[in-house]
Amino acid sequence: MTEPDIFGKTVPILIRNVTLNNKPAEIYLDGTGRIGSVAEKITDHDAEFIIDGNGAAALPGMVNMHTHSPMGLLRGYSDDMPLFEWLSTKIWPTEAHLTENDIYWGAKLACLEMIRTGTTTFNDMYFMMNNVADAVDEAGIRACLSYCMIDGGDHAKFESECSVMEKTVAALKARNNPRIMPGVSPHAIYTVSEEGLRWCAEFSRTENIPLHIHVDETDENPDCIKAHGMRVVPWLDHCGVLSERCIAAHCCWLDAEDIRLFADRGVTAVHNPVSNMKLTVGRALPYPEMKAAGVNVALGTDGASSNNDLDMFAEMKTAALLQKFFWNDPTLMPADEALAVASRNGAKALGINAGIIAPGYLADLILVGRNPTNVPAFNTTSNAVYATGGLAVDTTICNGAVLMHEGVIPGAEEILQKAGEVAFDLVRRATA
């Protein structure tokens with residue numbers, strides 16, 4: 001039985017009887033939000049709590065690098081449709097009715113799902129981000145939160161969106177919460193003007209915060225060439241968007257020159273295989289060329305209305321299998337790379353010292369309990385990527401605080417009940 005007092009406290013914790021990199025290990029969390037030591041046996045400690053892993057595999061917490069967290073309210077609401085028909089006839093009309101209460105409970109549901117399935121950090125793009133921040137704060141998870149700019153080429157709308165973004169970033173910074181990072185998110189080249197893209201790029205630079213944008217989810221290049229005389233990635237570079245702060249989601253239709261620009265500018269590309277396959281965007285992210293060029297590639301689920309879940313274990317497996325299948329090479333994205341793409345590479349993009357279980361790193365880690373999908377444990381990483389789902393996660397720890405243990409998350413039932421009610425009320429209002 002889980003000790004109730006263990007939850008949500010950043011205190012010294014000793015984790016015993018786990019496997020790390022296929023070897024027996026103990027992990028000491030020093031009470032400052034960081035990992036103090038890792039060894040086969042730790043005898044010198046002042047742990048307030050001792051967790052017996054019962055042979056669990058210890059892994060870094062997953063870093064979900066592309067989400068729209070409140071969209072979990074629309075999970076299963078409209079599926080099996082072409083992308084732009086789905087957006088224009090179902091998603092955008094419903095989102096027009098979102099309230100702050102909807103956003104809050106949608107984000108609460110997303111945080112609950114991510115904690116349950118082993119994610120400790122997510123990179124979010126949506127609206128009313130202060131309400132998302134409330135949910136993140138209460139959940140104990142880590143997040144980079146960006147207001148999504150859509151100006152549609154209208155200067156008055158551009159000015160209004162800039163004002164909202166400035167206020168959002170200021171409010172998020174004022175929280176002084178080390179788990180909540182602000183970002184900036186121009187939605188995409190087809191929804192944001194050159195003026196908007198340039199402003200976002202400069203705002204990201206002056207505030208030194210990430211810039212999160214959709215890039216080439218579908219083949220946007222013919223329209224971009226027609227409008228601007230160049231492909232999407234050169235156009236973004238022309239507008240100053242590409243830099244080491246840029247996190248580009250999807251990136252399915254990049255060519256060799258686009259990839260070279262990404263590498264030269266230090267851009268992170270985010271693979272979203274489940275959403276891309278479900279919405280049939282026509283091409284897989286060109287991981288082999290990106291890897292060869294040295295581009296940092298991370299992993300994201302996209303929103304739960306297009307995925308339809310936020311389980312990064314499912315995303316890891318799908319990413320590895322899609323890359324092997326699409327590019328016809330079974331050696332592509334082996335298990336150790338898939339795990340790095342799902343954890344360490346995302347942490348690198350956000351500038352946080354996480355994604356590795358070692359002394360000095362943030363205490364963002366998970367325990368995957370022994371179950372039929374990870375026995376025998378010839379290779380715990382291979383089991384994590386190819387065999388194990390997120391619901392096999394037993395314990396989730398973020399910033400040194402236990403958010404879930406033995407599958408228990410305090411307050412989970414209330415969130416499930418309330419989020420379900422809010423979701424049906426939103427759809428009722430949108431379709432009345």
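Hydrogens, waters and symmetry mates play no part in the numbers below; they use all other heavy atoms, side chains included.
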**Student:** Just by distance, with hydrogens left out, do T19 and T380 show a side-chain donor and acceptor under 3.5 Å apart?
**Tutor:** no
**Student:** Would you mind listing every salt bridge (Lys or Arg N to Asp or Glu O under 4.0 Å) that reaches into residues 105-117, with sequence neighbours excluded?
**Tutor:** R75-E113, K108-E138
**Student:** Restricting to ring pair (Phe, Tyr, Trp, His ring centres under 6.0 Å), what partner residues turn up for F127, sequence neighbours left out?
**Tutor:** none
**Student:** Got a list of side-chain donor-acceptor pairs under 3.5 Å for residues 422-432, not counting sequence neighbours?
**Tutor:**
unit_1	atom_1	unit_2	atom_2	d
D425	OD1	R428	NE	3.3
D425	OD1	R428	NH2	2.6
D425	OD2	R429	NE	2.9
D425	OD2	R429	NH2	3.4
R429	NH1	H97	O	2.8
R429	NH2	D102	OD1	3.0
R429	NH2	D102	OD2	2.8
T431	OG1	V427	O	2.7

**Student:** By salt bridge (charged side-chain N to carboxylate O under 4.0 Å, His left out), which residues pair with R34, not counting sequence neighbours?
**Tutor:** none
**Student:** Just by distance, no angles: are the side chains of N383 and T388 close enough, under 3.5 Å, to form a donor-acceptor pair?
**Tutor:** no
**Student:** Check salt bridge (charged side-chain N to carboxylate O under 4.0 Å, His left out) between E414 and all other residues, then give those that pass, not counting sequence neighbours.
**Tutor:** none
**Student:** Just to verify, which of T120, L339, T117, D364 counts as forming a side-chain contact (heavy atoms from CB on, under 4.5 Å) with M62?
**Tutor:** L339
**Student:** What side-chain donor-acceptor pairs closer than 3.5 Å can you find for residues 395-403, not counting sequence neighbours?
**Tutor:**
unit_1	atom_1	unit_2	atom_2	d
T395	OG1	H405	ND1	2.8
T396	OG1	I115	O	2.8
N399	OD1	R142	NH2	3.2

**Student:** With H271, which residues qualify under ring pair (Phe, Tyr, Trp, His ring centres under 6.0 Å), at least two apart?
**Tutor:** none
**Student:** For D154, what residues pass the side-chain hydrogen bond (donor to acceptor under 3.5 Å, both in side chains) criterion, not counting sequence neighbours?
**Tutor:** none
**Student:** Can you sort out the partners of E100 under salt bridge (charged side-chain N to carboxylate O under 4.0 Å, His left out), two or more places apart, ordered by chain and number?
**Tutor:** none
**Student:** Atom CG in L59, atom CD1 in I366: separation rounded to 0.5 Å?
**Tutor:** 5.0 Å
**Student:** State which residues pass salt bridge (charged side-chain N to carboxylate O under 4.0 Å, His left out) with E337; sequence neighbours excluded, sorted by chain then number.
**Tutor:** K291
**Student:** So which pairs with a foot in residues 223-242 pass salt bridge (Lys or Arg N to Asp or Glu O under 4.0 Å), sequence neighbours left out?
**Tutor:** R231-D255, R231-D258, D237-R265
**Student:** In chain order, what residues pass the ring pair (Phe, Tyr, Trp, His ring centres under 6.0 Å) check against W86, with sequence neighbours excluded?
**Tutor:** none
